[in-house]
Engineer: 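Below is one structure. I have some questions about it.
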Number of protein chains: 4
Amino acid sequence: MPKSSDSDHKKTTVSAPERREELLAIAAQVFAAQGYNATTVRKIADAAGMLAGSLYYHFDSKESMLDEILSGFLDELWARYDAVLGAGLGPRETLEALVTESFREIDRHLDAVAIYQKESKHLGTQPHFAYLVESQQKFEKAWLGTLERGVAAKVFRPDLDVRLTYRFVRDTVWVAASWYRPGGRHSPEEIARQYLSMVLEGIALHDS
Amino acid sequence: MPKSSDSDHKKTTVSAPERREELLAIAAQVFAAQGYNATTVRKIADAAGMLAGSLYYHFDSKESMLDEILSGFLDELWARYDAVLGAGLGPRETLEALVTESFREIDRHLDAVAIYQKESKHLGTQPHFAYLVESQQKFEKAWLGTLERGVAAKVFRPDLDVRLTYRFVRDTVWVAASWYRPGGRHSPEEIARQYLSMVLEGIALHDS
Amino acid sequence: MPKSSDSDHKKTTVSAPERREELLAIAAQVFAAQGYNATTVRKIADAAGMLAGSLYYHFDSKESMLDEILSGFLDELWARYDAVLGAGLGPRETLEALVTESFREIDRHLDAVAIYQKESKHLGTQPHFAYLVESQQKFEKAWLGTLERGVAAKVFRPDLDVRLTYRFVRDTVWVAASWYRPGGRHSPEEIARQYLSMVLEGIALHDS
Amino acid sequence: MPKSSDSDHKKTTVSAPERREELLAIAAQVFAAQGYNATTVRKIADAAGMLAGSLYYHFDSKESMLDEILSGFLDELWARYDAVLGAGLGPRETLEALVTESFREIDRHLDAVAIYQKESKHLGTQPHFAYLVESQQKFEKAWLGTLERGVAAKVFRPDLDVRLTYRFVRDTVWVAASWYRPGGRHSPEEIARQYLSMVLEGIALHDS
DNA sequence: GATGAATGAGGCTTCATTCAT
DNA sequence: GATGAATGAAGCCTCATTCAT
């Protein structure tokens, strides 16, 4: 879980919360579009209509912006996931709910998800971003557990390679952030439905 | 299709082809591991046991290495894809063959695929990398066409949103590059089989 | 001959030893003249006839230059001091030798001494420069011990406040770095003699 | 003599004199502890419990604070020195009085003295701080004159190198600002006595 | 084929300062 | 008297690239 209270940081980093949020949204957009490394602080500032140095009144560093974006996203994601996991649903319903919440999160935090997809892997090596790794482990446990429960309950096919399936499902969901556009043709729920239909029933037509 | 022959390069950049290949493989590895932007020429040189400047005897620029890696990968990929697409197979068999070839390509050119995944989107905007966009369009045509043929032939479900399905399938295949390790537990063919089984039949268990 | 032992250091920082020495001497001069903080990397580079960035081929950072200057100076100083302290001299002779060696060191490493004087106090708080504090403690022990030995041996006046005297003596010696010019009217040995005469005999004229 | 009245300052910079004094004392403390260059306006403001920008209501600039601190200190110092020099004392008594007043000044204005010690040399080059150089010249004249008078009057040893002695004495007195702590074991007068005893009589024990 | 040294552009960050409120 | 937000210059450092040897 990310940072909490911060007592004696150089820059108290408070400022009006709305302005911060605004700036973070802008930063997230640029990060998502160009990649974190390729994004210069000046590009963010340009997009915000200020000078590069002025960003440092609000944030400690370029990295701290990234940090705030990612941890904010994960915090919210886990609030939803935990609600689902604690609801006592069956494995199939859990899977459906997780997938649906995931697409909703993509809808809400598209940029953060896109950044997470592109950067989390190599960020995970930095101690400051250890929470990304932790989150990913919780993630794996939640999804793997659901699949295993489903196999045990004879809701999912017994011949599944659960780990492989987990990876397929996980990646396909999140990678949707690379093409999804909020307000487009499909609502997140619609995409979730289509996706679940494919994963659960397959795309082949069965003459039954 | 990408660059052809080095016609007007300042530095004739000949050097033994094997050494080039070696160095490209090293570069691809570092690019894949750290991202293109975050990879410094010095890191590549370090990994190759030489000094940064020395790389410029073999290559014109850092970008030209990336270019060579990506175009080499795409050239090979399309040779395989074209063979499949020209073989006169039915839609389901075509899908199976494309998926299988894709996983094989991941097995052979893991680093290139990983780089392609991470960088192709923003590289596509640069004129020099227009071939990435072209390739992606050919790609879409091949997969979409196969899916549509399958729906028409009543091999795939009639209620599929073909574009959505295309994206799901495409992403799931390629994103495997982020976790696949050559020489690991599963052969590419095995992964392809599992994956196709999921996509074609679904993961739900049906009491028939 | 490039990198040798250092396995994964970013910059192996070897380069021709003479060039390093040259550049360090230039840096020391500028640091001494303007103060470490007020010295910009560009000023050093200007003085060396190169661009600011080029310094980073030879050194890791501005601070590492300072570090190398100071530790080089202290290493040499302690070699001389240790020789004196291990020579088995009486307290007065020890004092004379320490003072003389100190002025010689000022003559040899004027800039380093000047920097040490101005910066060591606030640098000491940084963990990286802990050796400055250690050195200063060894220093104190050597001088204090000599004074105490002298009082016990009735070579120095019994009413001395030894700590106060230590500070006076120490400061007077080192502060000379702020006005001493090598090659000027007085040789280091001459200055040492005058200084010792004052400290040992006083400046008052006694009718004996 | 330093600046006089604020004639042409943009900001009339009046504010309650006590508040100014308070803020100047805080600034002096930080300047002394960290060095002028290394002291940011924000550090001063932090120490004063306000924001950096707010200081500009009271002062024109960071430099003007330094200026006021140093000129205030020198004004007071010279008031005392002039009193001593005009009192018609003999050379030895003059020396004793100057030393004593100096240590008293260190006691009263420790921070200003410390700043003066560290910064006056390189500040002297700036036209705005020319008064530092003037002061130093007056200083030299006063001390050198006293020593020379003493030699002529056979109060000090005839073999003294007067300039060297001047430097030794001057430096040792002022450098005490680097270790002196007001309210510590020794009063300024006590330190002066010890110091004068050492300088006048020497530390060697004479069997007479 | 490779090294060593340098260039020059550009990146992140700091900081004195300003100014409307 | 003070705050909050911003400016703009400057600082340290990185890095792709060049080139004489």
Engineer: May I ask you to evaluate whether B:S54 reaches the phosphate of E:dG1, defined as a side-chain N or O under 4.0 Å from OP1 or OP2?
Structural biologist: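 So the side chain of B:S54 is outside the cut-off, no N or O lying under 4.0 Å from OP1 or OP2 of E:dG1.
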Engineer: In whole Å, what is the span from the CE atom of A:M50 to the C1' atom of F:dG8?
Structural biologist: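 About 13 Å, once rounded to whole Å.
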Engineer: Nearest to the side chain of A:K62, which nucleotide is it out of E:dG1, E:dC12, F:dA6?
Structural biologist: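 Within the option list, the nearest is E:dC12.
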Engineer: Given atom CG of A:L51 and atom P of F:dT7, what is their separation to the nearest angstrom?
Structural biologist: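 These atoms are roughly 4 Å apart.
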Engineer: Toss me the dot-bracket line for DNA chain E: Watson-Crick and G-U wobble, both under 3.5 Å, 5' to 3', using | for pairs to another strand and [ ] for crossers.
Structural biologist: .||||||||||||||||||||
Engineer: Report the residues that fulfil side chain to side chain contact (heavy atoms under 4.5 Å, CB included) with A:E63, sequence neighbours left out, ordered by chain and then residue number.
Structural biologist: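 With sequence neighbours excluded, A:E63 shows a side chain to side chain contact (heavy atoms under 4.5 Å, CB included) to A:Y36, A:S61, A:Q126, A:H128, A:F129, given in chain and number order.
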Engineer: Of the options A:L110, A:L66, A:L123, which is the one that meets A:I115 in a side chain to side chain contact (heavy atoms under 4.5 Å, CB included)?
Structural biologist: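 Testing each of A:L110, A:L66, A:L123 against A:I115, the sole residue satisfying side chain to side chain contact (heavy atoms under 4.5 Å, CB included) is A:L66.
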Engineer: Residues two or more places apart in sequence or in another chain: which of them pass side chain to side chain donor-acceptor pair (under 3.5 Å) with B:Q117?
Structural biologist: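 Testing B:Q117 for side chain to side chain donor-acceptor pair (under 3.5 Å), a comparison that skips the adjacent residues, returns none.
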Engineer: Quick one: is E:dG1 close enough that its OP1 or OP2 comes under 4.0 Å of any side-chain N or O from B:R20?
Structural biologist: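 The answer is no; no side-chain N or O of B:R20 sits under 4.0 Å from OP1 or OP2.
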Engineer: Would you mind reporting whether C:N37 and C:H122 have side-chain heavy atoms less than 4.5 Å apart?
Structural biologist: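 Yes, close enough: below the 4.5 Å cut-off.
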Engineer: Of all the nucleotides listed (F:dA2, E:dG1, F:dT7), which has the minimum atom distance to the side chain of D:H58?
Structural biologist: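 Between F:dA2, E:dG1, F:dT7, the one nearest the side chain of D:H58 would be F:dA2.
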Engineer: Using a 4.5 Å cut-off on heavy atoms from C-beta on, say whether the side chain of D:F59 contacts that of D:L23.
Structural biologist: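 Yes, at least one pair of side-chain atoms sits under 4.5 Å.
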Engineer: Between D:Y131 and D:D67, is any side-chain donor less than 3.5 angstrom from a side-chain acceptor?
Structural biologist: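 Short answer, yes.
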Engineer: Could you tell me whether the phosphate oxygens of E:dA6, OP1 or OP2, come under 4.0 Å of any side-chain nitrogen or oxygen in C:R19?
Structural biologist: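 For E:dA6, OP1/OP2 do have a side-chain N/O of C:R19 under 4.0 Å.
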Engineer: In whole angstrom, what separates D:E63's CD from E:dT17's P?
Structural biologist: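 After rounding, the gap between these two atoms is 8 Å.
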Engineer: To the nearest Å, how far apart are C:F31 CZ and F:dG11 P?
Structural biologist: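 From C:F31 CZ to F:dG11 P: 14 Å.
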Engineer: Output all residues satisfying salt bridge (Lys or Arg N to Asp or Glu O under 4.0 Å) with C:D46, sequence neighbours left out; order by chain, then residue number.
Structural biologist: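 Residues passing salt bridge (Lys or Arg N to Asp or Glu O under 4.0 Å) with C:D46: C:R42.
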Engineer: Return no unless some side-chain N or O of C:Y57 is found under 4.0 Å from OP1 or OP2 of E:dA5.
Structural biologist: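 Checking C:Y57 against E:dA5: at least one side-chain N or O falls below 4.0 Å of OP1 or OP2.
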Engineer: When you measure from the side chain of A:K118 to the backbone N and O of A:F31, does any donor-acceptor pair fall under 3.5 Å?
Structural biologist: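 No; zero donor-acceptor contacts below 3.5 Å.
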Engineer: Kindly write out the residues that satisfy side chain to side chain contact (heavy atoms under 4.5 Å, CB included) with B:A47, not counting sequence neighbours, or none if the list is empty.
Structural biologist: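 If we apply the side chain to side chain contact (heavy atoms under 4.5 Å, CB included) test to B:A47, skipping adjacent residues, the hits are B:I26, B:V30.
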Engineer: Can you tell me how far P of E:dG8 sits from CG of C:L55, to the nearest Å?
Structural biologist: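 Distance, rounded to whole Å: 15 Å.
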Engineer: Over how many whole Å does the gap from D:Y56 atom OH to E:dT18 atom C1' extend?
Structural biologist: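 Going from D:Y56 (OH) to E:dT18 (C1'), I get 9 Å.
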Engineer: By nearest heavy atom, map B:A52 and D:A52 onto DNA chain E; which one lands nearer the 5' end?
Structural biologist: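 Per heavy-atom nearest nucleotide, the more 5' residue is B:A52.
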Engineer: Find the distance C:F59:CZ to E:dA6:P and express it as a whole number of Å.
Structural biologist: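 It works out to 11 Å between those atoms.
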Engineer: Listed in order of residue number, which residues of residues 36-46 of chain C have a non-hydrogen atom at under 4.0 Å from DNA chain F?
Structural biologist: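 Residues of residues 36-46 of chain C under 4.0 Å from DNA chain F: C:T39, C:T40, C:V41.
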